[in-house]
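Take a look at the structure below.
Both ligands and their constituent atoms are indexed starting at 1 by order of listing.
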Amino acid sequence: MVGIKIDGKKIAQSVKDRVKKAVETLKAQNINPCLATVLVGDNPASATYVKNKHKACEEVGIITKDHKLASNITQTELNEIIDNLNKDNSVHGILVQLPLPDQLNEFVTTSRISPLKDVDGLTPYNVGLLAMKKAALVACTPSGIMEMFDYYDINLQGKNVVLINRSNLVGKPLYHLLLERNATVITCHSKTKNLVELCQMADIIITAVGNRSKFTLTPEMIKQGAIVIDVAILRHEEKLVGDSDYDKIIKKASFATPVPGGVGPMTVAMLLKNTITAASLNSQLG
Ligand code: GUN
């Protein structure tokens with residue numbers, strides 16, 4: 001039996017269609033949703049991600065403001081740019097593309113963003129709200145994964161979910177979102193001892209390692225009918241792949257995400273959704 005492909009492109013398009021309508025409604029109220037992006041340095045992958053985010057904004061009618069900064073910018077200079085974007089009433093969402101060069105501190109930078117404009121859900125305020133089931137702005141990749149479960153009516157209650165990632169952008173927000181749906185969540189990482197056994201007992205595996213020489217999720221490591229969400233994207237043997245080989249995994253899984261065309265498009269779609277949420281929040285509370 002072959003499992004069902006979780007079609008990230010199709011689900012992302014359905015999110016974008018809804019966002020486009022919401023943008024029109026906001027514009028009718030004289031609110032022009034605007035996302036400011038900040039890209040520091042010349043990391044080619046980050047530049048591509050930001051370019052894709054701009055293109056997606058354009059598709060749904062969200063205005064973008066592009067800030068490309070030199071790789072040697074100081075923390076003080078970056079803080080000042082964020083402060084100005086916080087004050088700018090025409091800007092509703094602020095996204096600082098990560099990772100940052102070594103001289104810049106990720107926590108200091110993301111904490112500086114106004115929680116009302118925090119479309120990545122990374123400020124301590126929004127992370128706290130998420131832990132208390134009150135979040136309006138949640139990190140895009142985790143909320144995109146939840147959207148995928150909902151699209152296929154996948155009930156999470158009582159499911160054993162193994163997360164293979166503990167980052168602020170993926171693993172930690174997912175932990176809270178899954179717990180809210182009554183899943184039993186195990187968060188694994190590089191020091192986890194019995195990863196293979198944990199994977200083998202999981203109903204759902206969400207993996208985001210991104211280094212094939214350290215970790216590859218093979219069919220032997222999943223149980224028959226498991227659901228596999230592969231967040232990673234990396235170049236391996238001349239191909240773009242995730243932590244698993246989709247063609248092999250789908251023969252044993254009940255559902256799985258391909259790479260590319262799985263989680264990636266959802267991250268961008270949820271950024272658009274967060275931007276219109278931020279535009280509404282700013283107009284009500286800003
Ligand atoms: N780098 C990789 N993924 C992300 C993301 O979702 N947001 C930001 N700001 N940077 C990233």
Side-chain angles (χ1 to χ4, degrees), residues 8 12 15 35-57 62 64-69 71 73 78-79 81-82 85-86 91-102 104-115 117-127 130 135 137-148 163-177 206-211 229-235 240 242-243 257 259-260 262-275 277-278:
V15 174
L35 173 71
T37 58
V38 178
L39 174 64
V40 185
D42 43 21
N43 178 328
S46 291
T48 304
Y49 291 139
V50 171
K51 203 169 91 190
N52 289 342
K53 289 170 185 179
H54 281 221
K55 197 168 143 250
C57 282
I62 294 174
T64 51
K65 289 194 177 166
D66 192 11
H67 295 261
K68 286 203 180 76
L69 310 176
S71 58
I73 190 169
L78 180 57
N79 288 351
I81 288 163
I82 295 172
L85 292 172
N86 284 338
V91 169
H92 304 105
I94 303 170
L95 178 135
V96 179
Q97 187 66 27
L98 303 173
L100 293 168
D102 289 346
L104 301 171
N105 182 299
E106 206 168 288
F107 176 75
V108 169
T109 304
T110 52
S111 304
R112 194 96 188 176
I113 296 170
S114 158
K117 299 190 179 187
D118 172 25
V119 286
D120 264 322
L122 282 174
T123 57
Y125 185 80
N126 284 326
V127 171
L130 176 62
L137 294 169
V138 179
C140 303
T141 301
S143 53
I145 292 170
M146 300 308 284
E147 197 79 30
M148 287 173 142
L163 295 177
I164 315 175
N165 185 286
R166 58 171 158 180
S167 69
N168 293 334
L169 269 171
V170 180
K172 285 181 200 157
L174 265 173
Y175 172 83
H176 290 294
L177 293 171
I206 306 178
T207 182
V209 177
N211 185 333
I229 309 291
D230 196 338
V231 184
I233 183 151
L234 54 126
R235 199 164 281 283
L240 278 181
D243 289 338
T257 56
V259 179
V263 175
M266 293 308 296
T267 300
V268 179
M270 298 316 280
L271 171 66
L272 307 178
K273 193 173 173 205
N274 279 351
T275 303
T277 302

Report task. Using the side-chain contact (heavy atoms from CB on, under 4.5 Å) rule, take Asp120 and Thr110 through it: C-alpha gap first, then chi angles, then the decisive distance, then the call. Result -> CA-CA 9 Å; Asp120 264 322; Thr110 52; over 6 Å; no
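For residues 40-52, there are no side-chain hydrogen bond (donor to acceptor under 3.5 Å, both in side chains) pairs, not counting sequence neighbours. Listed by first then second residue, pairs satisfying salt bridge (charged side-chain N to carboxylate O under 4.0 Å, His left out) with a partner in residues 166-175 number zero, not counting sequence neighbours.
Of the possible polar contacts, one joining the Asp243 side chain to the Gly210 backbone as a donor-acceptor pair under 3.5 Å is found.
Considering CG of Asn211 and CG of Leu234, their distance stands at 7.5 Å, rounded to 0.5 Å.
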Could you list, one pair per line, each nitrogen or oxygen of ligand 1 together with any protein nitrogen or oxygen closer than 3.5 Å, giving atom names and the distance rounded to 0.1 Å?
| from | atom 1 | to | atom 2 | distance (Å) |
| --- | --- | --- | --- | --- |
| ligand 1 | 1 (N) | Gln97 | NE2 | 3.2 |
| ligand 1 | 1 (N) | Leu98 | O | 2.9 |
| ligand 1 | 7 (N) | Asp120 | OD1 | 3.0 |
| ligand 1 | 7 (N) | Asp120 | OD2 | 3.4 |
| ligand 1 | 9 (N) | Val96 | O | 2.8 |
| ligand 1 | 9 (N) | Asp120 | OD2 | 2.6 |
| ligand 1 | 10 (N) | Leu98 | N | 3.0 |

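Residues passing the salt bridge (Lys or Arg N to Asp or Glu O under 4.0 Å) test with Lys65 are Asp88, sequence neighbours excluded.
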